[in-house]
Amino acid sequence: MTPERLFRLQGELSRLVEPGGALGEVGLVAGADAAYKGDLAVACAASIDMETMEVAEANFCSGRVSFPYIPGLFALREARILMEALKGLRARPDVCIVDGHGVAHPRGFGIACQVGLALDLPTIGAAKRRLFGAAEGDRILGASGEVIGAILPAGPGRRLYVSIGHRISLPDALRVVERCMRKGGVVPLAIAHKLARARLSASSHTI
DNA sequence: GCGACAG
DNA sequence: ATCTTGTCGC
């Protein structure tokens with residue numbers, strides 16, 4: 001599998017992304033993230049109650065990762081383990097926020113798209129740094145004259161790049177993310193991040 | 001040729 | 001992302 005083949009595949013798959021879909025009432029919003037120690041990875045899917053912003057359920061998946069981190073191919077490293085963590089949740093969340101980009105990607109198919117498409121789940125990509133596209137004004141991320149995402153202020157000197165993953169519109173994605181915003185960042189992602197790191201630490205301390 | 005480059 | 005001390009800001 002050459003890099004060129006992977007690039008072409010991402011481009012083809014990007015056409016399967018559903019940039020809309022009716023996102024009804026959101027009761028559970030999941031956050032998906034992973035922590036690493038060498039090639040050992042622990043992923044956490046944290047389901048958050050949209051009303052209280054409290055953890056309703058959390059599921060983990062640990063394993064070895066073989067693919068290295070390459071900008072643009074992040075999904076090949078982390079999508080599988082994130083999906084396993086998500087599939088293990090007893091209650092299927094209404095939408096999932098993934099730590100990474102959605103369509104704001106060189107080939108329009110970031111990790112949020114891949115996870116959403118594979119699980120047939122509405123997903124949102126939320127990244128702390130830009131990968132593709134250019135800021136158009138203060139709040140819009142665009143490319144080739146198209147809006148590919150939004151830029152949200154996220155604390156002193158910090159920004160959040162939001163783009164759709166699958167089966168959701170950008171306005172709906174923004175509505176969900178903004179409701180999840182706190183001082184510490186995006187609650188579902190912050191929780192998933194914290195729990196993944198805690199689980200990783202606990203497992204590595206086991207003899 | 002040079003810079004950019006999710007986690 | 002992860003490895004890590006002191007340090008700047010509220």
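Per chain, numbering begins at 1; letters A, B, ... match sequence-line order. These numbers come from the heavy atoms of this one structure, side chains and all, not from hydrogens, waters or symmetry mates. Please read all numbers here as calculations on a predicted model, not as lab measurements.
Between A:Ala91 and A:Glu57, the closest heavy-atom pair is N-OE1, 3.3 Å.
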Exercise for the section: Could you summarise the pairing of DNA chain C as dot-bracket text, marking Watson-Crick and G-U pairs under 3.5 Å with ( ) or [ ] inside the strand and | across strands? Expected result: ..........

Exercise for the section: Let me have DNA chain B in dot-bracket notation, would you? Count Watson-Crick plus G-U wobble pairs, both distances under 3.5 Å, and use [ ] for pairs crossing earlier ones and | for inter-strand partners. Expected result: .......

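Note on A:Val187 and A:Leu152: same hydrophobic cluster, where clusters join Ile, Leu, Val, Met, Phe, Trp and Tyr whose side-chain heavy atoms are under 4.5 Å apart, directly or indirectly. In the hydrophobic clustering of this structure, A:Ile81 does not group with A:Phe60; members are Ile, Leu, Val, Met, Phe, Trp, Tyr whose side-chain heavy atoms approach within less than 4.5 Å, directly or through other members.
Straight-line distance from the CG atom of A:Asp39 to the C1' atom of C:dT2: 13 Å, rounded to whole Å. As rounded to whole Å, 16 Å separates atom P of B:dA6 from atom NE2 of A:His193. The distance between atom CZ of A:Phe74 and atom C1' of C:dA1, rounded to the nearest whole Å, is 8 Å. Atoms CG (A:Leu131) and P (B:dG7) sit 9 Å apart, rounded to a whole Å. Per the geometry, CG belonging to A:Leu6 stands 18 Å off P belonging to B:dA6, to the nearest Å. In this entry the distance linking NE2 of A:His101 with C1' of B:dA4 reads 13 Å, nearest Å. For the pair A:Arg80 CZ and B:dG7 C1', the interatomic distance rounds to 19 Å; values are reported in whole Å. Computed from coordinates, the A:Lys194 NZ to C:dT2 P distance equals 15 Å when rounded to whole Å.
Heavy atoms of A:Leu73 sit under 4.0 angstrom from at least one base atom. Counting non-hydrogen atoms under 4.0 angstrom, A:Ala34 reaches nothing in the nucleic acid. Contacts of A:Gly72 with the nucleic acid, taken as non-hydrogen atoms under 4.0 Å apart, include base atoms. Using a 4.0 Å heavy-atom cutoff across all strands shown, A:Lys128 reaches sugar-phosphate atoms only and no base atom.
Remark: side-chain polar atoms of A:Ser144 are not paired, donor with acceptor, to backbone N or O of A:Glu146 under 3.5 angstrom. Distance alone, capped at 3.5 Å, is enough to place a donor-acceptor pair between the A:Arg130 side chain and the A:Gly133 backbone.
A distance of 12.5 Å separates CG in A:Asp172 from CZ in A:Arg167, rounded to the nearest 0.5 Å. Rounding to the nearest 0.5 angstrom, the gap separating the CG atom in A:Leu28 from the OG atom in A:Ser47 is 4.0 Å.
Residue A:Arg130 places at least one side-chain N or O closer than 4.0 Å to OP1 or OP2 of B:dC5. OP1 or OP2 of B:dA6 has at least one side-chain nitrogen or oxygen of A:Tyr69 nearer than 4.0 Å. A close approach under 4.0 Å does not occur between any side-chain nitrogen or oxygen of A:Arg129 and OP1 or OP2 of B:dC5. Remark: A:Arg197 is in phosphate contact with C:dT2, judged by side-chain N or O atoms under 4.0 Å from OP1 or OP2.
Look at A:Arg179 and A:Glu51 and you find a salt bridge, because one of the NZ, NE, NH1 or NH2 atoms lies within 4.0 Å of a carboxylate O, short of that distance. Salt bridge absent: A:Asp33 and A:Lys194 never bring a charged side-chain N and a carboxylate O closer than 4.0 Å.
Out of B:dA6, C:dT2, B:dG7, the shortest distance to the side chain of A:His105 is found at B:dA6.
A:Leu73 has its side chain within reach of A:Leu6: a pair of non-hydrogen atoms, C-beta onward, lies under 4.5 Å apart.
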